[in-house]
There are 2 protein chains.
Amino acid sequence: MLTTQRKKAILDALARDGQVLAGELSVEFGVSEDTIRRDLRELASEGLLQRVHGGALPVSPALAPFELRRDIESAAKQRIARQAAAMIVPGQTAIIDGGTTSALLVKALPADLRATIVTHSPSVATALAEHPSVEVILIGGRLYKHSIVAVGAAAIEGISRIHADWYFMGVTGVHPTAGLSTGDFEEAAIKRAFAARAAETVVLASSSKLNAASPFVIGEITLAQTIVVEKDADRELMRQIETAGVTVVRA
Amino acid sequence: MLTTQRKKAILDALARDGQVLAGELSVEFGVSEDTIRRDLRELASEGLLQRVHGGALPVSPALAPFELRRDIESAAKQRIARQAAAMIVPGQTAIIDGGTTSALLVKALPADLRATIVTHSPSVATALAEHPSVEVILIGGRLYKHSIVAVGAAAIEGISRIHADWYFMGVTGVHPTAGLSTGDFEEAAIKRAFAARAAETVVLASSSKLNAASPFVIGEITLAQTIVVEKDADRELMRQIETAGVTVVRA
DNA sequence: CTTGATGTTGCACGAGTGTGCACGATACCA
DNA sequence: TGGTATCGTGCACACTCGTGCAACATCAAG
């Protein structure tokens, strides 16, 4: 069994049972607990599950009440989010997808911004319900429990009815040749659909995402017109990205 | 059971009952009281509960949106919600709309229930994301900020793609001649659309909703096949409703 | 085919974490 | 004030974790 298959199976088991134990997984897949621990560690670093002593839990509790944990409230990520929020001009329409970066973007929207926000994340929608002046369009579909966003054919179809000025895309991997990638198959399809319906796609990438590749490819790096990175991002990599025709913004 | 899960279960029990006792928790989870005391101490240090001699109390009477206080009214509502949840047979599909009654219904779903839940409420969707075995279908549309549910033409169209076994409808008015009503125009339309797509519509009505009429009419009382009320509901009113052909269930 | 680089896996070891028990201190209640 | 339940602390034990290292498979280049 391939490593990626095993990881996928771990996520499936987690979605099915609501919890996984390192010991049980090791028996089920016929590998040592060390290997399982390694898998869990890597999946946790991609934000696909929450590591706890003895096993792992779904990542949901972190985002459900939309309370951001301190470890993701890094100053750099907030600067990226603010930079992105500043791009939206009153009257425009912007798509925001799920994930921690998007959560910060929502918090960074000015209170007096009159704009329309499209999202497939119930958490983002709930958070924006308190915003005084933005209109919120919720994309429906099958709820994907790993990342708590709507996915599937119904979601793709809902997206096809939208035209937006901006799409702010969260990713887990930005690589000059491997392109934009994410740790989740379903989400990759949704991100492609969003990108196709926005005049300009903006990738928000903290430094840990740069020069990294996750299992599921969203598309070439040129799928984005702009990428917002931290100000100390690697110069050589940024040069390559700019050569490909993508505008690099340092926050 | 993992430590993290036990702590979460303690917080759930606290939200449900308004208090927890160290001794009871120790029996319930099959661990020593020492372990429970340690858990309570750590949860208290995180500010998630208030430690008292013998157990713990909620940190403040003002609770999170989905955690209702255990006053007399909500105890009755909980019985109604549990009665409704018990109607769902594994494998069936049920529609749950927004509102506090629906929030209680979500909490009352058995953890091992394998069913499909359709909802236009991001809050319900987010809450159900933590449920281990239900499939969640989110209805998209324009977000109505007043009640935080998806409404409008897109929502109506999304509903038209669904066929459900049950629709659990929350209302603010049940009246023998004025019918079923709610305080919101957009929501009335959505509720009509849901009712049209369900084999059986079940109205959940606490006593304060009975013999009352709200501004916007959803439809005749016969739009519902069943109505779940508190066990001390007015006999004469219930008789009228039953005469109209609606089954009355007392919880 | 050989060689070296790369990636995956299992094992060993020390560190870290969770749990239950014992004991003395403390808080509640009559 | 005395009795009882609860609490905090120290400690032992078992389990889990992270790290370093070696074995092995894969693959590309020579």
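Each chain gets a letter, A, B and so on, in the order the sequences are listed, and its residues count up from 1.
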Quick one: do [X] and [Y] make a salt bridge, cutoff under 4.0 Å?
| X | Y | answer |
| --- | --- | --- |
| B:E33 | B:R37 | yes |
| A:E242 | A:R239 | no |
| A:K8 | A:D12 | yes |

Check your understanding: Quick one: the side chain of B:R38 and the base of C:dG20, do they pair up donor-acceptor inside 3.5 Å?
Key ->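 By the distance-only test, yes, there is a pair.
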
Check your understanding: Under the 3.5 Å rule, do the base of D:dC17 and the side chain of A:D34 count as making a donor-acceptor pair?
Key -> no

Separation of [X] atom [atom1] from [N] atom [atom2], in whole Å?
| X | N | atom1 | atom2 | value |
| --- | --- | --- | --- | --- |
| A:L21 | D:dC17 | CG | C1' | 15 Å |
| A:Q5 | C:dT8 | CD | C1' | 15 Å |
| B:E24 | D:dA5 | CD | P | 16 Å |
| B:I36 | D:dA5 | CD1 | P | 19 Å |
| A:L25 | C:dT9 | CG | C1' | 16 Å |

Review point. At their closest point, which heavy atom of A:L105 faces which heavy atom of A:A84, and how far apart are they?
Key: CD1-CB, 3.9 Å

Indicate whether OP1 or OP2 belonging to [N] is found under 4.0 Å from a side-chain N or O atom of [X].
| X | N | value |
| --- | --- | --- |
| B:R6 | C:dT19 | yes |
| B:T3 | C:dT19 | yes |
| A:T35 | C:dG10 | yes |

Point to revise | Out of D:dG8, D:dC17, D:dT19, whichever nucleotide has its closest atom nearest the side chain of A:R41 | key: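 From the listed options, D:dT19 comes nearest.
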
Practice item. Go through C:dG10, C:dC28, D:dG18 for me and flag the one nearest to the B:H53 side chain. Key: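 Comparing C:dG10, C:dC28, D:dG18 against the side chain of B:H53, the answer is C:dC28.
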
